[in-house]
Structures are given as C-alpha cells and as structure tokens.
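So you know, we letter chains A, B, ... as the sequences are listed, proteins then strands, and number each from 1. Owing to the predicted nature of the structure, the values given are computational and were not obtained by experimental measurement.
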Protein chains: 2
Amino acid sequence: MHYEEGKRQFIQTWGRLGSEWGINRSMAQVHALLLISATPLSTEQIMEELSISRGNANMNIRDLLDWNLVHKELVPGDRKEYFRAEKDIWEIARRIAKERKRREIEPVKNVLEQLQAVEGDKNQPDIAAFIQMMEQLNSFVGKMDTSIDVMLKADQNWFFGTLFKLIK
Amino acid sequence: MHYEEGKRQFIQTWGRLGSEWGINRSMAQVHALLLISATPLSTEQIMEELSISRGNANMNIRDLLDWNLVHKELVPGDRKEYFRAEKDIWEIARRIAKERKRREIEPVKNVLEQLQAVEGDKNQPDIAAFIQMMEQLNSFVGKMDTSIDVMLKADQNWFFGTLFKLIK
DNA sequence: TTGTATTTTCAATAATTATTGAAAATTAAA
DNA sequence: TTTAATTTTCAATAATTATTGAAAATACAA
C-alpha cells in the first residue's frame with residue numbers, strides 16, 4: 001500500500017473508531033490528520049485535506065484544544081494559527097482518560113452515591129435489589145476512578161509492565 | 001430520595017452514560033432496568049416501564065443477548081420469554097471489554113498492522129512521521145489488547161489490588 | 001393439522017447529531 | 001484610527017441514527 005492510500009485509510013479508521021466510542025467523527029479525523037503530520041497545520045489545510053467546512057474545522061479544533069490533545073503553534077511572520085497534536089500515545093491516552101473521567105465518570109459517581117441511599121421498604125425485593133446494585137456500582141466505579149488515577153501518575157512501561165506480571 | 005425516583009434517575013443516568021460511550025440509549029436503559037430488577041422481565045414489562053415500542057424493545061434485548069449481558073429465562077407455564085441481566089459488575093465489565101475488543105479493537109489492530117508497512121520515500125518528513133506514528137500505535141494497541149486479556153482472566157480483587165499497589 | 005400467542009423484521013418516520021456557510025466578531029498590520 | 005485577514009458563531013440544513021408499528025414469520029398448544 002502506498003503512503004497516500006495509507007493516510008486516507010488511517011484517517012477513516014481513526015474516525016470510525018472515534019464514533020464507535022462516542023467521539024464526533026470529524027473531530028477524530030482532524031486528530032488523525034494532525035497525528036501523522038510532520039508539521040503543524042492551519043485551519044485551511046485541515047479543511048482542504050478532509051474536505052470539511054471552515055465552521056466544522058474550527059469547532060473540532062477547539063474541541064481538540066479543550067481535550068488537550070492539540071495545541072496552537074505560532075509560525076513567525078504568519079498571522080494564521082497553526083495546530084500540532086501531542087504525539088506521545090501514552091500521553092494522549094492519559095489526557096483522554098483524564099477528560100472522560102472528569103466529564104463522564106465523576107458525574108455518574110455523584111449520582112450513584114445519591115442513589116445508594118434511596119428510601120423505601122428494604123423487604124421489597126426490587127428495593128433491596130436496587131440498593132444492592134447501587135452499592136456494587138459505587139464500589140466498582142470508585143475502583144475504576146482510582147485506576148485512572150494510577151494511570152495518570154504512572155509511566156507507560158511501568159504501568160503495562162506491572163499489569164503484565166499479573167498474567168504470568 | 002424515594003426508590004421510584006431513584007429508579008427513574010438510575011435508568012436515565014445509565015442511558016446517558018451509554019450514549020456518551022457510543023451505546024444506544026435504549027439499549028443502555030433496558031440494561032439498567034434489568035440490572036435493578038429482582039425478577040426477570042418480559043418484553044411487555046420492559047416496553048411498559050420504559051415507554052418504548054415492541055420493535056425497539058425486541059431489538060435492544062437481542063443486542064444485549066449478543067453482548068452476553070442478558071440471558072433468557074423460562075417461566076414455567078408461561079409462553080413468553082423473560083430476560084434477566086448478569087448482576088456481577090466485574091463479570092459485566094469483562095463481557096463488555098471482551099466484546100469491544102473483538103468488535104472494535106481487533107479490526108483497528110489489523111488495519112494498523114497493514115499501515116505500518118506503507119511504501120514511500122522515508123526521507124519525506126510526512127512519510128517518516130506516518131510510519132513512526134503507526135509503529136507507536138501498533139505497540140500501544142498491542143499492549144491495550146494484552147491488558148484486556150489480563151483483565152479477562154483475572155479476579156476482580158486481585159486485578160484492582162495489584163493495580164493499586166502501583167500508586168503507593 | 002389449525003388457530004393463537006409471541007417474536008421478529010423492516011419500511012416509514014421521528015429524533016438527534018453533525019455540518020455548512022455566511023455574517024459577526026476579533027485581531028493585528030498599516 | 002482604518003483596513004484586511006482571520007476566527008468564531010449559529011441558524012439553517014443535511015446526514016445519521018433511533019424508533020415506531022404493523023405485517024410477516026415463528027412457535028406452540030389444542
């Protein structure tokens with residue numbers, strides 16, 4: 001396979017993976033494009049490469065900046081903004097984990113804590129089952145949360161290395 | 001908060017979490033309902049509780065069966081099918097991980113392996129950057145894949161216990 | 001078998017989510 | 001300042017995804 005075809009396929013694969021995991025396809029494609037670019041790209045270049053509109057490009061670049069996956073880069077003598085992606089995969093994984101934890105897991109955790117304490121007759125099987133499930137979920141989500149904290153503080157090789165010792 | 005309100009909130013929270021992670025909201029809500037039910041439920045009961053159509057209920061129950069998160073239960077003397085969810089959270093997490101690995105990660109892994117070997121002049125910075133990124137991604141996705149394998153074979157307490165030792 | 005309950009399918013429709021494109025706002029050079 | 005380049009916003013529209021509901025298929029009891 002030639003590079004051009006590989007590039008096309010990578011962008012579309014990354015986009016599909018993103019949408020399977022609840023991430024806007026264009027955002028994932030902009031990310032893919034920046035991931036494999038040797039140089040920072042302008043909004044124009046991104047629009048051009050992906051055949052998307054200025055509004056779409058702009059909005060998704062902003063989102064990638066919010067996720068800390070991309071940063072602005074100044075090119076001396078050029079008024080345009082350029083964008084470059086973080087290239088270290090472990091760092092990317094940590095930033096995604098950090099944001100999903102903050103945006104999606106913590107809010108659920110807060111709700112579950114409330115729900116553990118519902119009022120009602122615990123002799124009713126449905127109420128007992130509900131409370132038991134909330135307790136189990138609280139415990140599990142708490143452990144997931146701590147696991148992410150472990151990951152956020154860890155070095156890649158150490159993290160995987162220690163994990164893999166489990167299997168032996 | 002009373003049980004009825006808690007139940008409503010749990011179903012909607014689980015549904016929202018699902019859709020943030022690329023899972024159909026109704027499917028997540030059917031799952032939530034079954035997770036907290038002390039007894040297996042029929043399609044009719046699910047339709048009623050969630051105010052959804054028969055087609056929708058049926059399709060999402062099938063999907064949950066495909067994900068191995070729910071199984072059929074026979075009620076003697078009743079022709080209807082009843083459904084009960086797996087209640088052990090660690091087991092649920094493993095089954096979800098197993099399916100997402102099979103459906104989403106393995107295909108990406110296969111594509112990335114191809115892409116690592118694109119043809120082109122490696123003195124061109126973009127081509128060099130592309131290949132380098134594919135190598136990094138392959139290595140990372142391989143480790144993620146192995147991590148899931150570790151999880152699939154592990155016991156919950158052992159898994160988290162060992163992980164948490166990392167932080168101390 | 002035949003009739004009835006139950007499940008499945010799927011075309012039509014609705015709801016949601018993403019995208020466009022042009023106007024408004026902002027920025028910075030002249 | 002004024003002007004022009006650039007970025008942002010957002011209402012309109014398009015694309016995608018989910019849902020309905022009724023007909024078809026299936027399963028089962030009589």
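Residues A:Y82 and A:Q45 have side chains in contact (heavy-atom distance under 4.5 Å, counting atoms from C-beta outward).
A:K98 approaches A:L152 most closely through the heavy-atom pair CB-CD2, 3.9 Å. Taking each heavy atom of B:S147 and A:F164 in turn, the nearest pair found is OG-CE2, 3.6 Å. Residue B:R100 comes nearest to B:W21 through the heavy atom pair NH1-O, 2.9 Å, listed as atom of the first residue, atom of the second, then distance. In terms of heavy atoms, A:S26 sits closest to A:N56 at OG-ND2, 3.3 Å.
In this structure, A:I52 places its CD1 atom 11 Å from C1' of C:dA18, rounding to the nearest Å. To the nearest angstrom, P of D:dT8 lies 14 Å from NZ of A:K80. Regarding B:I61, its CD1 atom lies at a distance of 9 Å from the P atom of C:dT8, rounded to whole Å. Rounded to an integer number of Å, the gap from CD of B:E81 to C1' of D:dA27 is 10 Å. Atom CZ of A:R62 and atom P of C:dT19 are 17 Å apart (whole Å). Spacing between atom CG of A:N56 and atom P of D:dA14 amounts to 16 Å, rounded to whole angstrom units. One interatomic measurement links the two molecules: CG of A:N60 to P of D:dT8, which rounds to 13 Å at whole-angstrom precision. Remark: C1' of D:dT16 and CZ of A:R16 are 17 Å apart, rounded to the nearest angstrom.
Note on ring orientation: taking the six-membered ring where Trp is involved, the planes of A:F10 and B:F130 are perpendicular (angle over 60°, cut-offs 30° and 60°).
When the nucleotides C:dT7, C:dT19, D:dT6 are ranked by their closest atom to the side chain of A:M59, C:dT19 comes out on top. Closest to the side chain of B:S53, from the set D:dT19, D:dT8, C:dT6, is D:dT19.
Of all the residues in residues 19-37 of chain A, not one reaches under 4.0 Å from DNA chain D with any non-hydrogen atom.
Taking the salt bridge (charged side-chain N to carboxylate O under 4.0 Å, His left out) definition, one finds that A:E44 meets it with A:R54, sequence neighbours left out.
Residue A:N58 places at least one side-chain N or O closer than 4.0 Å to OP1 or OP2 of D:dT8.
Both B:G55 and A:S51 lie near DNA chain C, and the one whose nearest nucleotide falls closer to the 5' end is B:G55.
Taking only distance into account, the side chain of A:R79 never meets the base of C:dA29 through a donor-acceptor pair shorter than 3.5 Å. A donor-acceptor contact under 3.5 Å is not formed by the side chain of B:R54 with the base of C:dT8.
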